[in-house]
Amino acid sequence: MKIDYAKELNEAQLEAVYNLEGPLLVIAGAGSGKTRTIVYRLAYLVEQGIWPENILLLTFTRKAAAEMLRRVEELLGRDVAGVGGGTFHSFAYAMLRKFASAVGLNQGFTVIDTSDAKDIIGQARASLHLDKDKGFPNKNTIYDLISRSRNKELALEDFLSANSYHLLKFLPELERIFNYYQNFKKEHFLLDYDDLLFTFESLLQEKAEIREFMQQMFKYVMVDEYQDTNLVQGRIIKLLVGEQGNVMAVGDDAQSIYGFRGATVENILNFPKLFPGTKIIKLEQNYRSTQPILELTNHILKQAREKYPKKLFSHKKSSVKPEIIYTTSDLSQAQVVVRKIEELARTYPYSEIAVLFRAGYQSFALEMELVKLGISFYKYGGQKFSEAAHIKDLVAFLRLVANPCDILAWTRALGNLKGVGPKTCQRLYQAFMEGNQEISKSLCAQKPELKEVLEKLENLRFKSLSPLSVLEEIMTIYGPIMEEKFVDDLPKRMAGVEQLMQIASTYDNLDVFLADLSLEPSLREEKSKDRLVLSTIHSAKGLEWSAVLILDLVEERFPSKLAMQDPKEIEEERRLLYVGCTRAREYLGLFVPATVYNRYQNSFDPASPSPFIREIIPSLVKSYKETYFGEIVPLEEEKKEEPKPRPEKNNFTATGNYCEHKIFGTGKVIAHIPPNKYKVNFPQFGLKLVLEDYLTFK
DNA sequence: GTCGGTGCCCTTTTT
DNA sequence: GGGCACCGAC
């Protein structure tokens with residue numbers, strides 16, 4: 001069956017599909033049929049007789065890659081399994097495994113995730129005796145600094161001066177920790193997420209024959225979500241494609257939301273310079289959302305400092321405007337949202353409804369409400385499946401079987417045993433590496449449990465069983481430990497173990513299983529059931545639903561208070577909201593609580609509507625508010641014209657507003673201390689008591 | 001060295 | 001409300 005491309009695609013899409021040779025940049029607005037274009041182009045390539053093996057498809061998640069291949073197969077009625085693809089990280093991992101000896105990793109290597117990396121940093125901090133110093137950042141902060149500076153490819157000093165000036169005084173200590181971290185990984189054959197990319201880059205750069213092999217192999221390269229690639233990813237593409245290569249990059253500068261990871265829109269802007277002769281195609285017709293939703297999203301974008309020359313248009317008429325719903329608190333918001341979901345569920349299946357939010361914790365109250373009512377859901381973003389303590393423990397045992405040189409696994413796994421702490425693990429590891437049986441024996445002398453476990457692991461190592469069998473064996477050790485360790489929520493955690501076993505059953509190589517677990521932690525159960533989706537906006541990228549509800553549109557939550565210091569970051573928050581809103585096909589609801597629960601003071605603190613909400617023209621939306629009886633009523637017209645008055649703790653209107661100080665910058669007024677002082681919270685300097693004369697109120 | 005208790009801090013987003 | 005660092009007891 002021949003595909004009638006001209007019938008299925010619009011003119012711009014068609015052009016992108018037919019342009020196979022040379023560099024191509026597709027600027028695709030939200031909902032403009034980007035995925036469709038890639039799918040048809042892939043199909044067209046295969047139809048032209050290109051081997052699937054010669055095509056490389058780099059996407060943001062492996063799920064996205066799999067989905068595209070599934071659709072191509074549907075289209076062609078033919079197997080295209082040979083198409084290489086996945087995330088940059090998983091692709092880099094696969095290639096490094098293949099050419100391990102070329103980069104001196106022939107004894108194998110382990111991919112470590114964020115928490116492993118933080119453990120190493122914690123170790124460095126302790127062993128360099130830097131943990132005694134008051135005010136010295138903790139391991140999370142240090143990890144963040146290191147990872148961010150590496151992603152942006154800045155020296156630690158430059159990064160600190162630009163982003164964390166107050167930590168500059170610790171520069172020498174932080175550099176020592178960084179060196180410790182780098183050396184530790186080298187010694188133990190560990191690669192973190194950033195190393196995967198940098199090591200892969202140097203492989204391509206230094207080994208001409210391998211580079212040429214890959215250039216021959218991957219004759220056609222397609223990269224999705226190009227706006228979210230960082231510098232090293234951009235260089236990898238260049239190396240992979242060579243001078244005259246056939247590469248298509250697809251992206252949308254207005255949807256760039258990974259700046260914190262060093263992603264840079266410059267990559268899109270520079271693409272034509274990097275690849276001379278680039279053909280640029282713009283996709284501007286939106287096939288996803290109704291016109292009223294688009295009018296709102298276009299408006300959100302129009303307020304951006306940086307201008308995106310975009311005018312998305314749609315032929316999907318509708319009289320339903322997006323809604324803004326003001327609730328009395330973030331806790332009542334959860335109830336209002338649940339009722340809205342039930343109302344929507346009369347029109348749409350649950351799987352067509354999504355609740356989106358800025359950060360993982362923002363859905364906790366909602367999750368509790370949903371559990372109460374027995375509405376099941378999938379949650380994406382926030383803490384990962386593979387980051388749960390019991391899964392990490394299990395994985396540590398598996399790693400110990402796969403690679404006994406993995407020191408992190410020794411401590412994590414064996415630390416679970418009675419009477420075994422960090423020091424014992426350290427010694428066991430050393431004894432093992434030196435092949436010193438005597439020490440191991442004496443360490444096991446008073447600990448029969450330890451001896452048994454070590455023997456079991458030793459046996460497993462030589463049996464080369466399937467990942468699932470190893471996991472089952474490990475559970476004979478870890479099962480009893482788990483029962484003791486997690487008494488209150490054992491059933492839930494056991495379900496996690498079941499899930500891990502199910503995932504394991506699809507692998508036959510333990511190394512690959514373990515790497516995938518840290519590279520693609522969202523390998524969850526198939527999305528087959530009709531379930532509601534809760535997701536961070538970051539994890540919702542590239543997806544769409546009929547109805548989308550967005551929570552907590554208040555200052556300090558969306559935009560995040562951590563973004564408030566930097567105009568650039570606020571702009572990224574705006575694009576984030578844009579991404580969230582453009583996920584919606586027919587219904588869009590924005591929720592604005594008037595107060596947010598403060599768990600640490602057990603109080604409800606007043607919250608101001610997000611600046612992004614305040615700038616919305618009333619005519620674009622329909623506004624509602626929650627009454628004190630929990631009913632939802634339309635907001636009166638007269639109230640709509642003026643911004644909603646903020647709940648105040650005292651009568652003075654400056655409280656809750658922002659003010660400017662010559663030295664401290666912008667801060668939030670916490671309280672008025674009569675007659676002429678103010679308590680102000682400055683993001684960089686903390687709480688200050690300041691005389692009125694020194695402040696300019698906004 | 002290990003374990004258990006207490007007090008403190010911070011709570012973004014992802015590979 | 002939980003994870004982490006610290007401290008004193010075995």
Side-chain angles (χ1 to χ4, degrees), chain A residues 58-63 86-93 111-119 122 125-126 131-141 144 147-148 150-151 191-198 200 225 228-230 232-233 256-263 356-362 364-365 380-384 386-387 389 414-427 443 446-447 488 515-522 535-541 552 556-564 569 572-573 575-577 579-580 596-602:
Chain A
L58 292 172
T59 54
F60 209 72
T61 63
R62 205 173 317 189
K63 221 164 63 194
T87 62
F88 274 88
H89 290 86
S90 65
F91 177 64
Y93 172 77
V111 179
I112 59 168
D113 67 8
T114 309
S115 69
D116 293 325
K118 286 176 180 170
D119 284 348
R125 196 170 171 271
D131 48 353
K132 301 280 173 269
D133 213 332
K134 286 279 173 223
F136 193 73
N138 64 19
K139 63 180 185 182
N140 287 307
T141 312
D144 231 47
S147 174
R148 279 169 195 241
R150 287 181 81 203
N151 268 284
L191 295 186
D192 66 15
Y193 293 132
D194 304 326
D195 294 328
L196 282 173
L197 299 182
F198 288 124
F200 183 44
E225 310 280 12
D228 288 326
T229 55
N230 62 17
V232 63
Q233 288 168 328
S256 139
I257 53 173
Y258 278 95
F260 68 92
R261 204 182 57 183
L356 306 182
F357 32 84
R358 176 67 183 81
Y361 73 93
Q362 286 169 350
F364 288 164
Y380 302 101
Q383 204 201 30
K384 308 285 173 309
S386 58
E387 276 168 5
L414 300 183
N416 281 299
L417 305 174
K418 285 263 139 49
V420 182
K423 281 283 146 68
T424 310
C425 293
Q426 188 84 29
R427 284 186 190 151
L443 283 166
Q446 314 93 319
K447 291 161 185 146
D488 9 313
D516 276 7
L517 224 40
S518 38
L519 288 173
E520 186 71 11
S522 56
S535 176
T536 59
I537 297 180
H538 283 91
S539 299
K541 101 179 305 214
D552 277 351
E556 305 211 328
R557 288 206 174 176
F558 201 157
S560 157
K561 74 170 164 209
L562 288 116
M564 298 290 229
E569 284 187 48
E572 183 155 312
E573 302 280 313
R575 293 193 296 270
L576 196 55
L577 179 63
V579 170
V596 291
Y597 180 64
N598 182 336
R599 38 211 166 280
Y600 126 94
Q601 281 183 11
N602 195 24

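Here is how names work: the chains are called A, B, and so on, in the same order as the sequence lines, proteins then strands, and each is numbered from 1.
- Remark: the separation of the C1' atoms in B:dT13 and C:dC4 is 23 Å, to the nearest Å.
- Checking side-chain atoms of A:Tyr193 against main-chain N and O of A:Ser518 turns up a donor-acceptor pair under 3.5 Å.
- The side chain of A:Ala359 lies closest to B:dT13 when the candidates are B:dT14, B:dG1, B:dT13.
- Along DNA chain B, the nucleotide nearest A:Asn138 and the nucleotide nearest A:Asn151 are compared for position; the residue whose nucleotide lies closer to the 5' end is A:Asn138.
- The interatomic distance linking A:Lys447 (NZ) with B:dG1 (P) rounds to 10 Å, in whole Å.
- A:Phe60 has its CZ atom 6 Å from the C1' atom of B:dT14, to the nearest Å.
- Side-chain N/O atoms of A:Thr536 include one lying less than 4.0 angstrom from OP1 or OP2 on B:dT14.
- If you check every strand for non-hydrogen atoms under 4.0 Å, A:Ser539 touches sugar and phosphate atoms only.
- Looking at A:Lys118 and A:Asp192, no side-chain N of the basic residue comes within less than 4.0 Å of a carboxylate O on the acidic one, giving no salt bridge.
- For A:Asp228 (side chain) and A:Ile257 (main-chain N/O), a donor-acceptor pair under 3.5 Å exists by modelled atom type.
- The backbone N or O of A:Thr87 sits less than 3.5 Å from a side-chain atom of A:Ser90, completing a donor-acceptor pair.
- Within 4.0 Å of A:Phe260, counting heavy atoms only, lies at least one base atom of the nucleic acid.
- Counting any heavy atom pair closer than 4.0 Å across all strands shown, A:Lys561 reaches no nucleic acid atom.
- Which of C:dC4, B:dT15, B:dT2 sits closest to the side chain of A:Arg261 comes down to B:dT15.
- In this structure, A:Lys418 and A:Glu573 both approach DNA chain B, and ranking their closest nucleotides by distance from the 5' end singles out A:Lys418.
- When heavy atoms are screened at a 4.0 angstrom cut-off, A:Arg557 is found touching no nucleic acid atom at all.
- Taking atom OH of residue A:Tyr361 and atom C1' of nucleotide B:dT11, one finds them 6 Å apart after rounding to whole Å.
- Protein atom CD of A:Glu387 is 10 Å distant from nucleotide atom P of B:dT13, rounded to whole Å.
- Summarising the geometry, the separation between NZ on A:Lys541 and P on B:dT15 is reported as 10 Å, rounded to the nearest angstrom.
- Residues A:Tyr258 and A:Lys541 have side chains in contact (heavy-atom distance under 4.5 Å, counting atoms from C-beta outward).
- Rounding to whole angstrom units, CD1 of residue A:Ile537 and P of B:dT14 are separated by 11 Å.
- Here the nucleotide nearest the side chain of A:Lys139, chosen from B:dT2, B:dT13, C:dA5, is C:dA5.
- Under 4.0 angstrom from either OP1 or OP2 of B:dT15 there lies no side-chain N or O belonging to A:Ser518.
- Taking atom CG on A:Asp194 and atom C1' on B:dT15, their separation rounds to 9 Å, with Å as the unit.
- Within the 3.5 Å criterion, the main-chain N or O of A:Pro137 finds a donor-acceptor partner in the side chain of A:Arg125.
- As rounded to whole Å, 15 Å separates atom P of B:dC10 from atom CD of A:Glu556.
- Residue-level contact check: A:Gly360 touches the backbone only, with heavy atoms under 4.0 Å from sugar-phosphate atoms and none from bases.
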